[in-house]
Number of protein chains: 2
Amino acid sequence: MVPVKKYREVDENLVRQKEAAFADFIQRKGLKTTRQRNTIIATFFRLRGHISVEELLNQVKQVNPRIGYATVYRTLHLLVESSLVEERRFGDGLARYEGHSDVEHHDHMICLECGEIFEFFNPRLEALQESLAEENNFQIFRHRLELYGACKDKEACNRRKARGNTAAGAE
Amino acid sequence: MVPVKKYREVDENLVRQKEAAFADFIQRKGLKTTRQRNTIIATFFRLRGHISVEELLNQVKQVNPRIGYATVYRTLHLLVESSLVEERRFGDGLARYEGHSDVEHHDHMICLECGEIFEFFNPRLEALQESLAEENNFQIFRHRLELYGACKDKEACNRRKARGNTAAGAE
DNA sequence: TGGATTACGAAAACTGTTTTCATTTTCGGC
DNA sequence: GCCGAAAATGAAAACAGTTTTCGTAATCCA
Ligand SMILES: [Mn+2]
Ligand SMILES: [Mn+2]
Ligand SMILES: [Zn+2]
Ligand SMILES: [Zn+2]
């Protein structure tokens, strides 16, 4: 398995690069730069993991309490459209978002006990998918692979469960 | 690629087998046999593909128009709990259900143009997932793999698009 | 067959998300 | 700097799919 690059600390250079890329996107689309959007993306890109709308809004409100749900939703849609962010759905009913500046394409293993999400990437798996698509005369745009199960390390798993992990926290 | 077994016609023996299995499940759980549930499962098991609640209800109502949403939802939950049926979500916002009496475990390729869903199964892919989980000290209970893209056979794809396929129809 | 238990169906409630709409902000041209 | 068209905001309403409630009806075992 190829380990997925992980950042425990926020890489400020990367964040600024992302912010600039989003500004570009906004410009290209003829949209306007706003204080709220800046706050939202600045906050989002400094969060790790798989962030729900509510989690993001809570953080955002600490900077500017007047920002509401609608603007967060709208900004996330723009981030997805700009390809700076990907939407995930792990089956708990909420959309989660992850900036993939710091993690290239990857898939997920989700522990149903403790909520931990492990990220992985394997080139053979990707290649195999391509060859299966080929056989079927099908062209893949994107894919989604999720392995649901449980940690085998029960101590670590229980510890996480105890402190109430959610599906949000990857590593 | 290992082709997934497909039934164009309903296999009445299989359906009756499923009905019996569900009756068993109901019994074991101490629940009651009802006319409505019988109608719903009899209808469901005779449908092919990836069925939404609304599609199922429409069919069911042709047999007994008094049956409502709630009972269909409740019965589908029981079917899933009994492992006779699996719930799918292909990202169009609705849950879809498929009885896997006639199709063993399989994954999906979804054409975003025409809505066609191709089913496939590949042992190497399954094995590879297992070995990746192993490496990660993770035990897989179930998984979900979806390839989103487009048919390369554009004539066939357009034909299907023209007659308004939905994500429901797999082959 | 009585009666505790389970199921039903219509409607209300819920959840996450999107839309509406009145108001405010942005920003290119003057 | 100011104008004004265009875009964005936020509160609230609307929405879609699903779940729950609650009064009534059906099931099924002793
Ligand atoms: Mn991830
Ligand atoms: Mn299928
Ligand atoms: Zn765990
Ligand atoms: Zn197609």
Side-chain angles (χ1 to χ4, degrees), chain A residues 22-44 50-58 60-82 85 87-97 166-168, chain B residues 22-44 50-58 60-82 85 87-97 166-168:
Chain A
F22 186 68
D24 268 22
F25 170 81
I26 289 297
Q27 199 106 349
R28 278 200 309 280
K29 283 213 75 179
L31 305 181
K32 290 172 179 171
T33 303
T34 71
R35 177 174 271 297
Q36 291 92 331
R37 289 215 272 241
N38 287 342
T39 300
I40 292 166
I41 67 161
T43 304
F44 178 80
H50 305 87
I51 308 300
S52 69
V53 175
E54 195 180 4
E55 285 162 356
L56 179 54
L57 180 63
N58 287 341
V60 161
K61 273 189 180 300
Q62 299 193 12
V63 181
N64 177 354
R66 310 210 40 232
I67 294 178
Y69 266 104
T71 304
V72 170
Y73 272 107
R74 288 188 276 232
T75 304
L76 282 168
H77 291 332
L78 289 171
L79 283 167
V80 169
E81 194 190 338
S82 73
V85 162
E87 183 179 305
R88 308 280 185 196
R89 286 174 181 276
F90 295 128
D92 60 354
L94 4 148
R96 296 180 176 282
Y97 297 86
T166 69
Chain B
F22 186 68
D24 268 23
F25 171 81
I26 289 295
Q27 198 107 348
R28 278 199 310 281
K29 284 215 76 180
L31 305 181
K32 290 172 180 171
T33 305
T34 71
R35 179 175 269 299
Q36 290 92 332
R37 288 215 272 241
N38 287 341
T39 300
I40 292 166
I41 67 161
T43 304
F44 178 79
H50 306 87
I51 309 298
S52 70
V53 175
E54 196 180 4
E55 286 163 355
L56 179 54
L57 180 63
N58 286 342
V60 161
K61 274 189 179 300
Q62 300 195 9
V63 180
N64 178 354
R66 309 211 40 231
I67 295 178
Y69 266 104
T71 304
V72 170
Y73 273 107
R74 289 188 277 232
T75 304
L76 283 168
H77 291 331
L78 289 171
L79 284 167
V80 169
E81 195 189 338
S82 73
V85 162
E87 182 179 305
R88 309 279 185 197
R89 285 175 181 278
F90 295 128
D92 60 355
L94 6 146
R96 295 181 177 281
Y97 297 86
T166 70

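All chains are named by letter (A, B, ...) in the order of the sequence lines, taking the proteins before the strands, and each is independently numbered beginning at 1.
- To the nearest angstrom, P of D/dG17 lies 15 Å from CG of B/L76.
- Remark: P of C/dT25 and CG of A/N64 are 12 Å apart, rounded to the nearest angstrom.
- Toward the 5' end of DNA chain D, the nearer of the two residues B/Q27 and B/E54, judged by each one's closest nucleotide, is B/E54.
- In this model, the phosphate group of C/dA7 is approached by a side-chain N or O of B/R37 to a distance below 4.0 Å at OP1 or OP2.
- Counting non-hydrogen atoms under 4.0 angstrom, A/R66 reaches the backbone sugars and phosphates but no base.
- Rounded to whole angstrom, the span from the CG atom of B/N58 across to the P atom of D/dG17 amounts to 13 Å.
- Within the 3.5 Å criterion, the main-chain N or O of B/K32 finds a donor-acceptor partner in the side chain of B/R37.
- Residue A/L94 contributes atom CG, which lies 15 Å from atom C1' of D/dG17 at whole-angstrom precision.
- Distance from the side chain of A/K32 is smallest to C/dT26 among C/dT26, D/dT20, C/dT20.
- Between D/dG10 and A/Q36, a contact under 4.0 Å exists linking OP1 or OP2 to a side-chain N or O.
- Computed from coordinates, the B/I40 CD1 to C/dC8 P distance equals 7 Å when rounded to whole Å.
- Across D/dA5, D/dG10, C/dT17, the shortest atom-to-atom separation from the side chain of A/A95 is found for C/dT17.
- You'll find the side chain of A/R35 stays beyond 4.5 Å of the side chain of A/N38, heavy atoms only.
- Heavy-atom distances to DNA chain C give each of A/Y69 and B/T33 a nearest nucleotide, and the one nearer the 5′ end belongs to B/T33.
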* To do: Please report the C-alpha distance between A/F44 and A/V72 in whole Å, then the side-chain angles of each, then the deciding distance to 0.1 Å, and finally whether the side-chain contact (heavy atoms from CB on, under 4.5 Å) criterion is met.
  => CA-CA 10 Å; A/F44 178 80; A/V72 170; over 6 Å; no
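- Atom pair A/D92:CG and C/dG16:P shows a separation of 9 Å (rounding to whole Å applied).
- The interatomic distance linking B/N38 (CG) with C/dA7 (C1') rounds to 13 Å, in whole Å.
- In the set D/dA8, D/dG17, D/dT20, D/dG17 carries the atom at the smallest distance from any side-chain atom of B/Y73.
- Rounded to whole angstrom, the span from the CG atom of B/L31 across to the P atom of C/dC8 amounts to 10 Å.
- Side-chain nitrogen and oxygen atoms of A/T71 include none within less than 4.0 Å of the OP1 or OP2 phosphate oxygen of D/dA8.
- B/V53 is listed as a side-chain neighbour of B/Y97, based on a closest heavy-atom distance under 4.5 Å.
- Residue whose closest nucleotide on DNA chain D sits further toward the 5' end, between B/R89 and B/T34: B/R89.
- Between B/T75 and B/L56, the closest side-chain pair of non-hydrogen atoms is not below 4.5 Å.
- Using a 4.0 Å cut-off, no side-chain N or O of A/H77 falls inside it from OP1 or OP2 of C/dT17.
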